[in-house]
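Just so we're clear, the structure is a prediction, and the values are computed from it rather than from any experiment.
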Amino acid sequence: MVASTGIVRVKRRFQRIAVDTKPFMWLPKPTRHGWRVTLHTLEGQTPGDYADAAEPLAHSWGVHAIRASSPSPGRVVLMATMRDPLVKVDTLPASTELLKVTVGRLENGKSWTIDFRTVPHWLNAGATQSGKSNLANALIVGLAPQELALVGFDLKGGVEFTPYSPRLSALATSRAESVTLLEDLVGLMVDRMGLCRQAAARNIWQLPPGIRPVPIVVLVDELAELYLMADKSEKDEIVKSSTALLRVAQLGRAFGIYLFCCGQRIGSDLGPGVTALRAQCSGRICHRVNDPETATMTLGDLDPAALVSARAIPAETPGVAIVAGQDGQWYRGRSFYVTEQTAEHAARTHAHLAPSWDDITSHLSNPVNA
């Protein structure tokens with residue numbers, strides 16, 4: 001990070017000659033897992049120059065890893081971790097805020113939080129045994145005690161979400177059921193639009209608590225199954241489900257409908273519907289994947305360095321993922337280990353909090369039974 005040019009005075013004239021100019025560096029400050037130091041960039045330098053030098057610096061300084069970030073123009077913060085904080089993570093804490101769940105820890109030692117009020121829609125990719133389903137379990141355990149409705153789309157025939165059905169207000173286990181349930185969600189959005197318009201409110205959170213509709217978190221497992229087509233007879237269902245899901249992603253935030261979409265294989269070859277949905281999901285989570293296309297689809301439009309880190313996740317560290325959320329940065333994170341039995345127990349314990357789908361859709365035509 002040494003600039004090799006500078007301006008000096010030679011015989012009453014200023015000339016640019018080769019000199020060694022080091023960037024100004026503040027004193028290091030200790031952190032929970034290491035230390036951090038702030039530097040002032042030199043003329044012509046960018047934060048990317050420091051990011052490219054992060055791995056050589058980690059070897060030179062004898063630390064586990066170094067991450068470079070830029071909190072403001074002209075400044076770069078180097079965060080050094082002495083040991084990997086993701087080797088062992090704590091147990092899942094109780095959620096205290098609506099639509100907010102702490103699901104794990106980040107590499108900087110901070111909590112990994114999924115906050116649907118801040119980041120309404122999430123895309124979660126991961127291969128088998130990568131920790132993708134464990135993250136969904138942690139999310140269910142955190143959301144189960146909250147005053148909200150959970151809606152499931154389980155395109156594995158219901159084998160993943162059926163054990164959690166006591167806490168689910170509605171569950172679709174096939175593409176035909178998914179089309180009908182998605183149409184209900186679109187109908188709910190339209191109805192809530194009219195409610196907000198009458199009250200001169202921009203979203204449901206500006207409505208009085210007495211008339212505010214219940215927020216809905218939509219959990220989608222095996223997203224690719226909504227887009228795969230075996231023959232032309234399935235084309236209409238695919239178009240309907242893709243269009244309805246995209247409408248929910250585009251308009252759902254203001255009307256209290258949030259998405260958490262999971263999949264093993266998420267690629268552009270599934271059609272333009274997946275690409276359009278990806279653009280609406282500002283929250284990205286990429287566990288270990290088997291093909292580079294899924295990693296590119298999940299993280300490729302954010303930061304090339306995040307893509308490299310995602311493809312370097314080893315198989316022996318389930319639960320580790322690359323996380324991009326509300327602050328515009330990406331981090332390595334690891335979700336708390338939550339067994340299926342723990343998630344099932346939470347679903348049964350808080351089953352009384354699950355609002356009836358018939359009640360939610362009572363004013364709509366042809367509601368779907370839960």
Side-chain angles (χ1 to χ4, degrees), residues 99 114 116 119-126 132 135-136 139-140 143 148-158 160-161 168-193 204 213 215-230 233-286 294 297-298 301 357 360-361 364 366-368 370:
L99 293 168
I114 293 181
F116 288 101
V119 182
H121 306 311
W122 291 78
L123 192 62
N124 175 30
K132 173 174 55 66
L135 178 58
L139 199 60
I140 289 174
L143 293 175
L148 51 80
L150 292 175
V151 173
F153 290 82
D154 186 355
L155 277 302
K156 280 186 180 179
E160 290 289 340
F161 288 164
L168 299 179
S169 296
L171 175 62
T173 59
S174 66
R175 188 151 53 198
E177 294 178 359
S178 299
V179 170
T180 308
L181 188 52
L182 283 169
E183 289 176 349
D184 277 357
L185 288 172
V186 173
L188 284 173
M189 280 198 315
V190 175
D191 181 74
R192 295 180 179 190
M193 288 179 193
I204 66 168
I216 301 172
V217 177
V218 180
L219 306 174
V220 182
D221 192 35
E222 296 302 337
L223 178 66
E225 289 295 324
L226 286 175
Y227 299 91
L228 291 175
M229 180 172 58
S233 63
E234 298 179 340
K235 184 176 181 180
D236 289 341
E237 282 187 348
I238 293 174
V239 172
K240 289 181 179 179
S241 60
S242 174
T243 303
L245 187 60
L246 181 58
R247 291 189 65 189
V248 172
Q250 288 178 335
L251 305 174
R253 179 197 63 82
F255 309 109
I257 302 177
Y258 309 96
L259 294 177
F260 190 82
C261 302
C262 307
Q264 296 185 36
R265 174 76 173 89
I266 304 174
S268 57
D269 58 309
L270 296 176
V274 174
T275 304
L277 179 66
R278 189 269 304 263
Q280 300 296 327
C281 296
S282 51
R284 309 287 180 82
I285 303 169
C286 186
T294 299
M297 191 70 173
T298 310
D301 60 338
W357 193 247
I360 295 176
T361 60
L364 301 178
N366 299 323
V368 177

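- Contact record, I266 with M297: O-CB, 3.1 Å, taken as the closest heavy-atom pair.
- Looking at I257 and R192, their side chains come closer than 4.5 Å, going by heavy atoms from C-beta outward.
- Counting only heavy atoms from C-beta outward, the side chains of L228 and L270 approach each other to under 4.5 Å.
- Under the rule for a side-chain hydrogen bond (donor to acceptor under 3.5 Å, both in side chains), Q280 has no partner lying at least two apart in sequence or in another chain.
- Side-chain contact between W122 and F116: present, with at least one pair of heavy atoms (C-beta onward) separated by less than 4.5 Å.
- Side-chain contact between V186 and T243 is absent, with no heavy atoms from C-beta onward closer than 4.5 Å.
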Decide yes or no on side chain to side chain contact (heavy atoms under 4.5 Å, CB included) for I285 and I114, but give the supporting numbers first. CA-CA 11 Å; I285 303 169; I114 293 181; 4.2 Å; yes
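- Considering every non-hydrogen atom in both R284 and T298, the closest pair reads NH1-O, 2.7 Å.
- In this structure, L259 and L245 have side chains that are in contact, with non-hydrogen atoms separated by less than 4.5 Å.
- Between Y258 and H121, the ring-plane angle classifies as tilted under the 30° and 60° cut-offs.
- Considering only heavy atoms from C-beta on, I140 stays 4.5 Å or farther from F260 through its side chain.
- Judged as a salt bridge (Lys or Arg N to Asp or Glu O under 4.0 Å), the pairs with a partner in residues 236-249 (not counting sequence neighbours) are, in order, R175-E237.
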